[in-house]
> 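I'd like to ask you about the structure that follows.
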Amino acid sequence: MTLKNRISLLVSLLFTILFGLASTLIFVLYSNFRKDEFRDRLEIKALSNIKLLVNVKEVDNQLLKMIDQNSINKLYDEKTLVFDSNYKLIYSSIDDAKIKWSIDDLKYLKKNKTFFKKQGNYEVYGVFYDTKDRDFYALISATDNFGQRRLLFLRYTLVVSYILFTCICWVVTSITVKKLMSPLNTFHQKIKNINENNLDTRVESKSNKDEIDLIANEFNFMMDRIEISYQKQKEFTAHASHELRTPLSRITSQIENVIADSKTSDERKSFLKNILSDVNQLTELINSLLILSKIDNKMHENNEVHRLDEILFSAIENLNKSYPEFVILFEIEENENLDTALEIKGNKNLLEIAISNVLKNACVYSDNKQAKVIISSKEDNNLIIAISNTGETLNKEEQKILFEPFMRGKNSKGTSGFGLGLRIVQRILTLHKANITYSVPNINTNLFQLFFHS
């Protein structure tokens, strides 16, 4: 799970839990308040009935019932029972009173003065009232219909509010976190796309001075150091390669002169030819390293529009001069978009080096010194150059590292080389916003495809 999703989840869960606890607390507090308020009302009504019976001589049971029934403070479904000190019922607000009571309840009242309990849908309040002459016990029950309706309304309100605001919180939190973390997404994309060809990539830093800006500033500073180090490494490779070419050229020239001398014996000539072959390979390696170190600079030197078919023909011609035994079969798939797709903006010399390396690789590793080239284009004006040959293919593990420096497969046994050719090809194509792939479409068939995007 990404950091953005974790933050959104944690904040939303925290709000959900806190809001749920707050809603529960509000409901419980209001429920207790309703209970206490209703108990007070029952207490007032019970004591008022007792005081009327005790203190007003003219009030009898029938009159008290009439007063009870016409009172503005009458409770819903109210029932009242009054007992004397001998636990004898002396007043009942209704004849069929359904308050469940026992002598034990009255004894409990005498000891504890009051009690409040729930019987089914009714709430019962009991009170003990003592005078100088005798004691009285009152039990009153009623239903808090109005209070229960308000409690039910509060419950529905809290539940709906909880669901609504929780959903709003999840959506708002997700959007807010996504917006706040968007600089990190940009940061991630830029880091993911960094390679040796775009070390000048920098992350835009705003003036917020927050943690993201601090990371961006440190990243830019790190990239400055990496770019400087990389440039120094390339300069060293270029200078070292350039300096090594001169003595190697002298060695090659001297060996060739000795071989051409008629006084040199055949045995020595054979020995010198082997040395010359090794020197030529070393020279080729140094030239490859020099090309790799100067690819970026050459790209900036020339950025004109060229036709790839002309570059391809030039590469084939130069290859035939060096390797006349190689045969290149050429084919162009007719397409109305082909002329447009063949026009590529870039460095002609670099593109010729890339195509020459792929052609040479296809011929050298073929079983018949032959390669086939097919030029085609897609509807989106993308150009494809397919170069195939027959011969031993690479396994899946070798295919994964095919374009790494100094990589040579099992099929390279018996052939000279250092494994830099395809690396150079990939670097050149990357600079031209193109790419190369390798596949095995059929048994003993190697296929390289160069994709040039318009």
Side-chain angles (χ1 to χ4, degrees), residues 1-23 161-240 289 292-301 303 345-347 350 400-401 403-407 423-424 426-436 453:
M1 184 182 292
T2 62
L3 178 61
K4 175 179 63 179
N5 291 336
R6 285 204 300 269
I7 293 175
S8 299
L9 180 62
L10 289 175
V11 172
S12 300
L13 283 177
L14 181 62
F15 175 83
T16 301
I17 294 171
L18 291 178
F19 191 42
L21 291 175
S23 300
S161 300
Y162 177 77
I163 295 173
L164 177 63
F165 285 104
T166 298
C167 293
I168 292 175
C169 172
W170 282 74
V171 173
V172 172
T173 301
S174 178
I175 294 173
T176 303
V177 172
K178 184 177 181 181
K179 184 177 181 181
L180 291 176
M181 300 292 283
S182 59
L184 285 182
N185 292 335
T186 305
F187 195 19
H188 172 256
Q189 290 299 324
K190 287 193 175 183
I191 292 176
K192 187 171 67 173
N193 295 327
I194 288 177
N195 53 45
E196 68 273 16
N197 299 318
N198 58 354
L199 291 177
D200 58 344
T201 299
R202 298 294 183 271
V203 178
E204 183 181 356
S205 176
K206 299 180 181 179
S207 57
N208 296 332
K209 299 302 179 183
D210 55 13
E211 286 77 4
I212 295 178
D213 271 347
L214 292 176
I215 294 174
N217 292 331
E218 291 300 323
F219 172 79
N220 292 337
F221 181 62
M222 178 191 69
M223 289 303 300
D224 290 339
R225 290 180 293 175
I226 291 176
E227 186 176 11
I228 292 172
S229 300
Y230 185 69
Q231 290 298 331
K232 288 182 178 180
Q233 183 183 7
K234 287 177 60 179
E235 289 174 4
F236 172 79
T237 303
H239 292 322
L289 292 173
L292 279 173
S293 64
K294 292 186 175 182
I295 282 178
D296 295 336
N297 295 331
K298 286 187 177 183
M299 182 64 187
H300 294 296
E301 291 174 3
N303 202 19
K345 188 176 182 180
N347 185 286
L350 289 179
K400 293 178 181 178
I401 57 173
F403 299 100
E404 295 296 322
F406 303 104
M407 186 277 163
R423 177 61 175 175
I424 292 174
Q426 187 188 49
R427 286 285 307 278
I428 292 174
L429 292 180
T430 300
L431 287 174
H432 288 83
K433 297 180 180 179
N435 60 291
I436 180 173
H453 309 288

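FYI, the numbering just counts along the sequence from 1.
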> Any luck finding a side-chain donor-acceptor pair between Asn435 and His453 under 3.5 Å?
yes
> Nearest 0.5 Å please: distance from the CE atom of Met222 over to the CD1 atom of Ile215.
11.5 Å
> Work out which heavy atom in Ser8 is nearest to a heavy atom in Ser174; give both atom names and the distance.
OG-CA, 3.8 Å
> If you take all heavy atoms of Ile436 and Phe403, which pair is closest and at what distance?
CG2-CE2, 3.5 Å
> Nearest 0.5 angstrom please: Leu10 CG to Asn5 CG, how far?
10.5 Å
> Tell me, please, which residues at least two apart from Val172 pass side chain to side chain contact (heavy atoms under 4.5 Å, CB included).
Ile168, Thr176
> Find the distance between OG (Ser23) and CG (Leu18) and round it off to the nearest 0.5 Å.
10.5 Å
> Go through the structure and list residues passing side chain to side chain donor-acceptor pair (under 3.5 Å) with Glu218, not counting sequence neighbours.
none
> If I take atom CG from residue Leu21 and atom OG1 from residue Thr16, how far apart are they, to the nearest 0.5 angstrom?
10.5 Å
> For the residue pair Lys345 and His432, what are the closest heavy atoms and their distance?
O-CD2, 3.8 Å
> Are any non-hydrogen side-chain atoms of Trp170 and Leu13 less than 4.5 angstrom apart?
yes
> Any side-chain heavy-atom pair from Ile7 and Val11 closer than 4.5 angstrom?
yes
> Look up atom CD1 in Ile228 and atom CZ in Arg225, then write down how far apart they are to the nearest 0.5 Å.
9.5 Å
> Do the rings of Phe19 and Tyr162 sit parallel, tilted or perpendicular, given the 30° and 60° boundaries?
parallel
